[in-house]
Amino acid sequence: MCIKIKKIMNIYENTLNRIKKACNTLAEIEGDETKVKELFKIISHPQRIIKVSIPLKKDDQTLEIFEGYRVQYNNILGPYKGGIRYYTEVDEDEIKTLALIMTLKCSLVGLPLGGAKGGIKIDPENLSESELERISREYVRKIYDFIGPDKDIPAPDINTNSKIMDWMVDEYIKISKNISKGQNNQGINNLLATFTGKSVENGGIEGREEATGKGGEIILNKLIEKMKLNNGQLKVAIQGFGNAGQNIAKFLYQHKDRYKIVALSDSKGAIYSEKGFNPDTVMKYKKEKGTVTAFYYSEETSNTSCKKITNEELLELEVDVLIPSAVENVINKENSHKIKAKIILELANNPVSEEADEILNQRGIIVVPDILANAGGVTASYLEMLQNKSDRKWKKEEVFQKLEEYLIKALDEVWEISQKYKISLRESALLIALKRLMQKYSQF
Ligand code: GLU
């Protein structure tokens, strides 16, 4: 089968193109063209796009209207699941793409969940804490009818966190109680399961905050073992120092024999040190001054030979492992031929464009796809849902142990298929995720 592949377009079509390629390979392997074609047709359309206008009365009493989205992409495997981001670049195309990626991610890891994503087009840095709370609650009021513990379960993503999830779930429970006038027979715990990534005091699970970074570390450790690269210290560059970037840095730093973190960045700049960074020290400066580059100006740099570099330079460093942990499309047609890393671990969603994928592949650079590399977050979210619904509690070590079981199983499968059919890890991961969706559709 050959579904025709178009040349460059927007990020959604870009992602669909990758899926087309994997579908073509799946049809060759499975020999069931009709079923694969049907799956591709289904998966090329989100099931529901919710677009809302969110009014916000600012602290100065002026009224502003913000654009919000929730895209419920596919729920054949279970309730819709995916984060909510607050970000100035949010638009329908972006959220649709990320919701599709969530569908594939949950399928790959074998979670009984579908895919969704939400977002508000906003710069949270321009809002006061009370404005942030008001807009978060208003967003929930706008999408209330469409979410719930068995319907759609949002979570944190870029610029959202446990505090925001706590406000949101509180608003959700308030509305539910109001509507049912006390008759609501769903337990409070069950309603708490409408959002994951909550604070531990409010029904969240231990380790959820670190789970995306922890998952990335689990995958990287196992991958370097498979690639037989685990007999020396690997140089690592991390692009982005939000939740995912900070946590993977913290976990990799615990294996000093294996990894040396030589570069870090955030949206305001990047730093490099041949001797390596202690991420906790850099974090201290980021907290104080709002950027990792503050470390460069501090007295602590004297024995680290720290240099200031640009974000572009960070991506092109001669390192073993490059970990994009921020936004989409940072490795693209323009810079992919300059990338020198041996391994790219996609801790962000969609950081490598489809065109870049081809170039990196030809150059023998291993890309660990987002749907595997950052699946630790949603896997811990799934455990949080189970915890809320069953009233049991897991300790952080148990959560990490379970993460390891899910993620290593997924990596082993992806590795095996990629070796067997001589395809990239991305194509292999997509193939497994698509096959699981196809099997589920075949049951109907
Ligand atoms: N936002 C995270 C992701 O992109 C987590 C989603 C979730 O926990 O539902 O995978």
Side-chain angles (χ1 to χ4, degrees), residues 11 15 69-75 77-87 90 94-120 143 147-162 164-165 168-169 192-199 203-205 207-216 218-219 240 242-245 247-248 324-328 345-351 368-388 399 402-403 406-407 410 429 433:
I11 105 165
T15 305
Y69 297 90
R70 184 75 184 164
V71 175
Q72 299 181 322
Y73 205 93
N74 187 289
N75 66 353
L77 293 175
Y80 300 108
K81 184 85 193 81
I84 297 168
R85 58 174 56 182
Y86 289 178
Y87 184 47
V90 160
E94 190 204 31
I95 299 298
K96 205 162 73 174
T97 308
L98 294 165
L100 166 57
I101 289 175
M102 282 309 301
T103 306
L104 298 163
K105 196 184 297 183
C106 293
S107 175
L108 173 68
V109 184
L111 303 175
L113 295 169
K117 200 81 175 192
I120 307 181
I143 63 165
I147 60 174
D150 302 307
K151 264 196 239 175
D152 182 357
I153 302 108
D157 198 78
I158 294 179
N159 292 331
T160 53
N161 53 28
S162 58
I164 294 177
M165 294 306 116
M168 287 188 168
V169 81
L192 274 175
T194 307
F195 288 82
T196 60
K198 304 176 291 286
S199 67
I205 196 168
R208 172 63 186 87
E209 189 98 8
E210 298 110 304
T212 307
K214 183 69 192 173
I218 292 171
I219 295 284
N243 171 293
N247 279 302
I248 194 154
S325 315
V327 291
E328 295 101 72
L345 183 79
E346 291 190 327
L347 211 55
N349 285 312
N350 219 6
V368 188
D370 47 8
I371 59 171
L372 178 63
N374 70 32
V378 71
T379 306
S381 275
Y382 172 58
L383 298 174
E384 182 174 332
M385 288 169 61
L386 292 183
Q387 182 169 288
N388 290 148
V399 172
K402 286 188 184 303
L403 279 191
Y406 276 102
L407 297 178

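In listed order, ligands and their atoms are each counted from 1. Below, each value reflects all heavy atoms present in this structure, side chains not excepted, and no hydrogens, waters or symmetry copies.
No more than 12 heavy atoms of other residues, nucleotides or ligands shown are found within 6.0 angstrom of CD on Glu209.
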* To do: In sequence, state the C-alpha distance, the side-chain angles, and the governing distance for Lys117 and Asp157, and then conclude on salt bridge (charged side-chain N to carboxylate O under 4.0 Å, His left out).
  => CA-CA 9 Å; Lys117 200 81 175 192; Asp157 198 78; 2.8 Å; yes
* Check the pair Asp370, Lys105 against side-chain contact (heavy atoms from CB on, under 4.5 Å), reporting the backbone distance first and the verdict last. => CA-CA 8 Å; Asp370 47 8; Lys105 196 184 297 183; 5.6 Å; no
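Contacts between Ala380 and ligand 1 below 4.0 angstrom, taking non-hydrogen atoms only, are absent altogether.
Remark: ligand 1 atoms within the under-4.0 Å shell around heavy atoms of Lys81 are 7 (C), 8 (O), 9 (O). When each atom of ligand 1 is checked for a heavy atom of Gly82 under 4.0 Å away, the hits are 9 (O). Residue contact check: Met102 has heavy atoms under 4.0 Å from atoms 3 (C), 4 (O), 6 (C), 10 (O) of ligand 1. Short contacts between ligand 1 and Lys105, defined as distances under 4.0 Å to a heavy atom of the residue, involve ligand atoms 3 (C), 4 (O), 10 (O).
Here the shortest heavy-atom distance to atom 5 (C) of ligand 1, taken over Arg208, Met165, Lys117, Glu384, belongs to Arg208. When the heavy atoms of Asp157, Leu113, Ile101 are ranked by distance to atom 2 (C) of ligand 1, first place goes to Asp157.
For atom 7 (C) of ligand 1, the closest heavy atom belonging to the protein is Ala155 CB, 3.3 Å. If you check which protein heavy atom lies closest to atom 8 (O) of ligand 1, you get Ser381 OG, 2.6 Å.
Residue contacts with ligand 1 include Pro156, since one or more of its heavy atoms lies under 4.0 Å from the ligand.
Going from atom CD1 of Ile11 over to atom OG1 of Thr97 covers 4.0 Å, rounded to the nearest 0.5 Å.
Ionic pairing of Arg70 and Asp152 is present here: one or more N-O contacts between side-chain nitrogen and carboxylate oxygen are shorter than 4.0 angstrom.
Using a 4.5 Å cut-off on side-chain heavy atoms (C-beta onward), Lys198 and Met168 make no contact.
If you run side chain to side chain donor-acceptor pair (under 3.5 Å) between Thr196 and each of Gln387, Glu384, Lys81, only Lys81 comes through.
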